[in-house]
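Some notes on the structure that comes next.
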Amino acid sequence: MASVLLPQLRTGWHVDQAIVTETKRLVVIRFGRKNDRQCMIMDELLSSIAERVRNFAVIYLCDIDEVSDFDEMYELTDPMTVMFFYHNKHMMCDFGTGNNNKLNFIVDDKQEMIDILETIFRGARKNKGLVVSPYDYNHKRVS
Amino acid sequence: MKYTQYPNSSKLKRNSDRREHDEKLSDELHNQSTIYEDEELSRAEYDSDSDSSVEDSTDNENSGKEMDEKSYEKNEDHVEDHRKRKKSKIQLLDIAEFKKENLADLDYQIGNSESKVEKGVNIEPFNIDDEIKHGVFDKDGNYIKTENATENDQQDNEEWMNDVINTEEVNRLEKEQSVKTQNSRHYMVHEALNLLKFFLVDENETVLESLGRLNKLRKIAISKKNKSLKYVIHGIELLSDLINILEKKGFSEVYEYNRLKVQDAIEEEIFDDSSRIVNHKTKLWGFKWLNKLDEYHGLYTNYEMSYWQKSYFKNSVIVKFHSEPDRDENWIHVSCLSFM
């Protein structure tokens with residue numbers, strides 16, 4: 001249900017345009033599949049916070065079965081992946097899992113996700129490429 | 001005829017022997033004569049000139065020096081021999097000392113290892129009485145535990161595991177933690193900074209000084225037994241939460257921030273004009289009179305609240321920020337804040 005509330009990116013061109021044209025806010029793209037359990041849970045959370053973070057973040061969904069252009073580039077091998085972009089630049093975040101390029105685990109709390117997005121946005125505005133997450137997710141390491 | 005030849009040969013031999021003897025004698029005589037000649041020459045020279053005596057003395061001195069040098073050389077030889085003997089002794093001594101040092105080091109190492117072993121290994125003393133209580137020794141000296149002992153061991157293990165693994169308690173703690181996190185305050189950075197600015201009375205007051213000021217207000221309210229005590233405490237709690245939130249988000253020196261630094265931080269962190277606060281236009285505050293807590297008045301601007309705080313409220317009002325939900329803990333006494 002949440003996947004209907006968030007905008008879908010149907011093609012690779014749409015993904016590129018979403019990243020390039022947004023000049024003020026953080027672009028958050030969830031790569032995954034509609035029917036995947038983790039994606040469904042994460043979509044619910046993202047849709048619930050979209051209104052609260054609309055001033056500094058915009059959230060999109062992208063189905064990797066429909067759009068396979070970025071699978072190799074971003075190593076989209078996990079069932080659910082959230083990536084962050086600002087001014088056509090990929091933002092990295094140290095979650096404590098060893099993978100700084102993406103968020104490939106489920107975040108349970110809304111406020112945690114808001115804080116993560118805020119931290120990444122603040123770092124991006126200061127021209128940082130890597131920021132440290134306000135929460136440690138060492139226990140959610142994906143093997 | 002033949003006989004006459006033999007005597008001739010013997011004569012020749014005798015003659016040759018005589019010649020040899022003569023030569024020897026002549027040599028000896030020659031030598032003696034040379035010696036005598038030398039003596040005579042020396043005497044003559046001594047008698048004739050005084051300078052020659054000096055020359056002789058110099059010669060004597062030279063000869064003496066030669067003798068001295070020879071004796072010195074001999075002495076040097078002796079000294080060298082003595083030194084060699086000393087060197088051989090020293091070497092021997094060094095060998096002995098070397099051995100002693102090695103042995104001492106070995107003893108020292110052994111001592112250290114023994115002490116380490118003693119420190120590291122804690123061996124329980126052998127106690128027959130305890131073992132007899134819990135078991136039996138057979139004929140060969142082997143120890144056999146009784147069944148009761150094994151059962152006791154199992155019970156001990158189960159108790160230990162039960163202490164470690166208590167799922168209900170773990171679940172309860174997790175629920176409590178989740179409830180706390182849900183009920184706690186959550187602010188964006190610019191929101192937290194805006195609220196923090198209102199707790200700083202003047203430009204020079206730091207956050208730490210503001211906490212001290214609120215503590216004084218709390219003590220005054222306690223002494224006067226005033227209704228405002230609860231709301232002053234709410235102010236202290238809000239300020240503490242703001243400090244914790246900002247520290248968590250990277251503002252490590254927030255206690256030293258004054259009003260100017262906070263304003264600079266707000267300008268740095270603000271990303272949208274809609275969230276900018278204008279003192280004369282933006283309506284932020286609602287208030288209630290302490291005597292009439294059921295009547296809500298709002299919303300008003302910073303300018304209005306500041307003017308009324310100085311003239312109209314007389315510290316009889318509690319205030320709430322517009323974005324805060326209408327709960328009791330979000331109402332703060334007006335004396336805790338400075339609106340402009």
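Only a predicted model underlies this, so the values are computations on that prediction, with no experimental measurement involved. A, B, ... follow the sequence lines: proteins, then strands. Residue 1 opens every chain.
For chain B, the nearby part of A:Lys126 is the side chain; its heavy atoms alone come within less than 4.5 Å. Using a 4.5 Å cut-off between heavy atoms, A:Arg25 does not touch chain B at all.
Within a 6.0 Å radius of CZ in A:Phe70, more than 12 heavy atoms belonging to other residues, nucleotides or ligands are found. By the neighbour-count criterion of 12 heavy atoms within 6.0 Å, atom CD of A:Gln17 is densely surrounded, having more than that number from other residues, nucleotides or ligands. Counting heavy atoms of neighbouring residues, nucleotides and ligands inside a 6.0 Å radius, atom OH of B:Tyr296 exceeds 12 of them. The local environment of CZ in B:Phe313 is crowded, with over 12 non-hydrogen atoms from other residues, nucleotides or ligands closer than 6.0 Å. When the shell of 6.0 Å around CZ of B:Arg172 is examined, it contains more than 12 heavy atoms from other residues, nucleotides or ligands. Atom NZ of B:Lys281 has 12 or fewer heavy atoms from other residues, nucleotides or ligands within 6.0 Å. No more than 12 heavy atoms of other residues, nucleotides or ligands lie within 6.0 Å of CD in B:Glu253, so this atom counts as exposed by the packing criterion. Within 6.0 Å of atom CD in B:Glu295, more than 12 heavy atoms from other residues, nucleotides or ligands are found, so the atom counts as buried in its surroundings.
With rounding to the nearest 0.5 Å, the separation of OG1 in A:Thr119 from NZ in B:Lys248 is 10.5 Å.
For residues 45-66 of chain A, every residue pair satisfying the side-chain hydrogen bond (donor to acceptor under 3.5 Å, both in side chains) rule, not counting sequence neighbours, is listed here: A:Arg33-A:Asp65, A:Glu51-A:Arg54, A:Arg52-A:Gln111. Pairs of residues two or more places apart, or lying in two chains, that qualify as salt bridge (charged side-chain N to carboxylate O under 4.0 Å, His left out) and include a residue from residues 115-124 of chain A are A:Asp115-B:Lys249, A:Glu118-B:Lys249, A:Arg122-B:Glu269.
When the heavy atoms of residues 208-237 of chain B are compared with those of chain A, none of the residues falls under 4.5 Å. Near-neighbour residues of residues 188-204 of chain B relative to chain A, defined by a heavy atom under 4.5 Å from a heavy atom of that chain, comprise B:Met188, B:Val189.
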